Amino acid sequence: MAAAAGEPEVIRDKAAMRAWSRRQRAEGKTVVLVPTMGFLHEGHLSLVSAAAAVPGPVAVVVSIYVNPSQFAPTEDLATYPSDLAGDLRKLASTGAVHAVFNPPDLYHRGAAVSGRRAEAPAGAAASSCLEAGGDGHETWIRVERLEKGLCGASRPVFFRGVATVVAKLFNVVEPDVAMFGKKDYQQWRLICRMVRDLDFAVEIIGSEIVREADGLAMSSRNVHLSPEEREKALSISRSLLNARTAALNNSNSASEHIKDQIVQTLTEAGGRVDYVEIVEQESLVPVETIDRPVVICVAAWFGKVRLIDNIEIHIQS
C-alpha cells in the first residue's frame, strides 16, 4: 500500500516486507523492528521512540499482528482489542515509523486430514494454529527452560507461540535490531535466549515499563477493566513498589515473606493471584533470599482481565 507523505508504508505481503528491508539496508540504514499485536498505547509508542533513537540512520518497522498460536482455546483471542486505523494514525503522528507490517496471516493453514483436527502435544492445550491439521503449520520453537514457570505455568502454549512468531518475524523482516518491552519480562528474556541460541543476527533491546499516571502498567487489555476493577488493579504496582523498598532496606530479605505480602495486598484488593515470584533477572531461577539482582513478577486477575507486571531490584551480591 502506497503511503502518503509522512505516513508509514503499510506492507501486508511477506516477500514485499523482506524486499523493503533489504532496500533500506542497501541504502546504509539500520532496520529496527517493533513487534506488536496492535491496539497501540503509549507503551508501544515509547518503543517506537527508542527504535528511532538507535544510532545512525534507521528504518523503523512496526509489525501489527495478533498471533493466534500464543492463545489457548480458553483465552481471549476473539476479544483481543483491535483498531488498525487508530494504530496507523498514532504511528503516523510519531513521524518516526517508516513501514507497518500487517500480514493477514503468518501461518500456513492446511486442510484437515479425514476431517480430523491435529492433536496438541502431550500436556499442552491446543492452539488455534494446530486446529488446521493436515499439512498446516507444525514447526515450533521452544526455549525449554525459560518458558517454564511464571506465565508458562498457566499458559502452556504461550511461549512456544511467542518464540515461533518472533522467529518468523525475524525471518521476514530481517531486522538488525528489535525492541521489546520489559513489562513482558519473561518474554523479553526468552527472546534474548532464543536469539543467542539460534544465532539470529538481531540485537534485542529491552525497554522499561511505561505506566499510567497512577502507576498501572500500560496494557492493551486495560480497556477491558471496569472503573472499579481498574482502581483495584492499582494494588499491583503499589505492592511491587512496597516490596522493592522493603528489599532495599533489609539486605538478604527472605523472598517468601515479601511474596506473601504482595499476595495479601492483591487479595485484599479483590484480585485473584495467578503467581507472585522473585527470580534472578537473567536465568529466571527462583531465589530464597534477595541478595543479588532479581525481578519480582506478578500475574493477577481483576474481573476477567489477567494483568502482569514486574519490578527489578538491583542488589549486588
Side-chain angles (χ1 to χ4, degrees), residues 37 39 41-44 70-77 79-81 125 146-159 161-162 180-190 206 208-247 253-281 284-287 290 294-313:
M37 294 210 301
F39 208 71
H41 50 67
E42 288 300 321
H44 296 109
Q70 67 193 57
F71 291 83
T74 57
E75 294 179 335
D76 58 352
L77 174 61
T79 60
Y80 196 86
L146 285 184
E147 73 173 26
K148 296 176 181 177
L150 302 178
C151 287
S154 60
R155 305 186 72 187
V157 302
F158 178 71
F159 287 115
V162 167
F180 287 86
K182 287 188 181 182
K183 183 175 76 69
D184 300 290
Y185 200 90
Q186 186 177 15
Q187 172 179 284
W188 169 54
R189 290 298 189 185
L190 179 137
E208 299 301 323
I209 297 173
V210 177
R211 300 183 180 278
E212 304 283 358
D214 55 14
L216 185 67
M218 289 189 176
S219 169
S220 298
R221 289 186 170 94
N222 290 350
V223 69
H224 294 309
L225 293 167
S226 70
E228 181 182 6
E229 290 164 351
R230 193 188 183 290
E231 182 66 26
K232 292 178 177 179
L234 297 178
S235 60
I236 301 177
S237 58
R238 185 169 64 247
S239 67
L240 288 172
L241 285 171
N242 289 340
R244 183 175 65 180
T245 298
S253 301
S255 62
E256 282 300 323
H257 175 70
I258 288 180
K259 286 162 56 176
D260 289 344
Q261 291 295 111
I262 295 173
V263 170
Q264 180 179 344
T265 299
L266 300 183
T267 302
E268 290 178 350
R272 178 163 54 90
V273 176
D274 183 349
Y275 66 78
V276 176
E277 295 290 347
I278 303 178
V279 298
E280 290 182 345
Q281 291 183 6
L284 304 186
V285 172
V287 301
I290 303 178
V294 300
V295 57
I296 307 177
C297 297
V298 170
W301 294 84
F302 286 86
K304 296 182 179 180
V305 184
R306 182 180 181 274
L307 301 175
I308 62 173
D309 202 346
N310 66 79
I311 194 164
E312 292 178 315
I313 302 177

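Everything numeric in this text was worked out from a predicted model, so none of it was measured. If you read the sequence from its start, that first residue is 1, and numbering goes on from there.
- Note that the CZ atom of F39 and the OH atom of Y80 stand 9.0 Å from one another [nearest 0.5 Å].
- The shortest non-hydrogen separation linking F302 to G270 is CE2-C, 4.2 Å.
- Evaluation of the salt bridge (Lys or Arg N to Asp or Glu O under 4.0 Å) rule for R238 yields no partner, not counting sequence neighbours.
- Taking NE2 from H41 and OG from S220, the interatomic distance works out to 4.0 Å, rounded to the nearest 0.5 Å.
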Before you tell me yes or no, could you show the steps for V279 and V294 under side-chain contact (heavy atoms from CB on, under 4.5 Å), namely the whole-Å CA-CA distance, both residues' side-chain angles and the distance that decides it to 0.1 Å? CA-CA 5 Å; V279 298; V294 300; over 6 Å; no
Test D274 against R306 for salt bridge (Lys or Arg N to Asp or Glu O under 4.0 Å), laying out the working first. CA-CA 9 Å; D274 183 349; R306 182 180 181 274; 3.0 Å; yes
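- Note that OG of S219 and NE2 of H44 are 8.0 Å apart. Values are rounded to the nearest 0.5 Å.
- Residue pairs that meet the salt bridge (charged side-chain N to carboxylate O under 4.0 Å, His left out) test with at least one member in residues 253-272, sequence neighbours left out, are E256-K259, K259-E277.
- For the side-chain contact (heavy atoms from CB on, under 4.5 Å) with Y185, the lone residue among I311, L150, L284 that qualifies is L284.
- Here E312 contributes atom CD and L240 contributes atom CG; the two are 12.0 Å apart, rounded to the nearest 0.5 Å.
- Separating the OG1 atom in T79 from the NZ atom in K304 is a distance of 9.5 Å, to the nearest 0.5 Å.
- T267 places no side-chain N or O within donor-acceptor distance of the main-chain N or O of Q264, the cut-off being under 3.5 Å.
- In this structure, A217 and N222 approach most closely via the heavy-atom pair O-ND2, 3.1 Å.
- Heavy atoms of other residues, nucleotides or ligands lying less than 6.0 angstrom from CD of E280 number more than 12.
- Applying the salt bridge (Lys or Arg N to Asp or Glu O under 4.0 Å) criterion to E231, with sequence neighbours excluded, gives no partner residue.
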Quick one: do I308 and K183 satisfy side-chain contact (heavy atoms from CB on, under 4.5 Å)? Show the steps, please. CA-CA 7 Å; I308 62 173; K183 183 175 76 69; 3.8 Å; yes
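- Taking both residues in full, the closest heavy atoms of Y275 and C151 are given as OH-SG, 3.1 Å, listed atom of the first, atom of the second, then distance.
- Residues that satisfy the side-chain hydrogen bond (donor to acceptor under 3.5 Å, both in side chains) test with D214, not counting sequence neighbours, are R230.
- Looking at Q186 and V295, their side chains never come closer than 4.5 Å, going by heavy atoms from C-beta outward.
- Considering every non-hydrogen atom in both A246 and S253, the closest pair reads O-OG, 3.7 Å.
- Among all heavy-atom pairs drawn from Q70 and R155, the shortest one is O-NH2, 3.6 Å.
- A distance-only check finds no donor-acceptor pair linking the side chain of Q261 to the backbone of I258 [under 3.5 Å].
- Every residue was checked against the ring-ring contact (aromatic ring centres under 6.0 Å, His included) condition with H224, not counting sequence neighbours, and none meets it.
- In terms of the ring-ring contact (aromatic ring centres under 6.0 Å, His included) criterion, F158 has no residue partners (sequence neighbours excluded).
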Could you walk me through whether V276 and C297 satisfy the side-chain contact (heavy atoms from CB on, under 4.5 Å) test, starting with their C-alpha distance in whole Å, then the side-chain angles of each, then the deciding distance to 0.1 Å, before giving a yes or no? CA-CA 6 Å; V276 176; C297 297; over 6 Å; no
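- The closest side-chain heavy-atom distance from L307 to L225 is below 4.5 Å.
- Side-chain contact between D309 and S237 is present, with at least one heavy-atom pair separated by less than 4.5 Å.
- For the residue pair I209 and N310, the shortest heavy atom distance occurs at CD1-O, 3.5 Å.
- Separating the CD1 atom in I278 from the OG atom in S255 is a distance of 5.0 Å, to the nearest 0.5 Å.
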May I have the step-by-step check of side-chain contact (heavy atoms from CB on, under 4.5 Å) for N242 and T265, ending in yes or no? CA-CA 10 Å; N242 289 340; T265 299; 5.8 Å; no
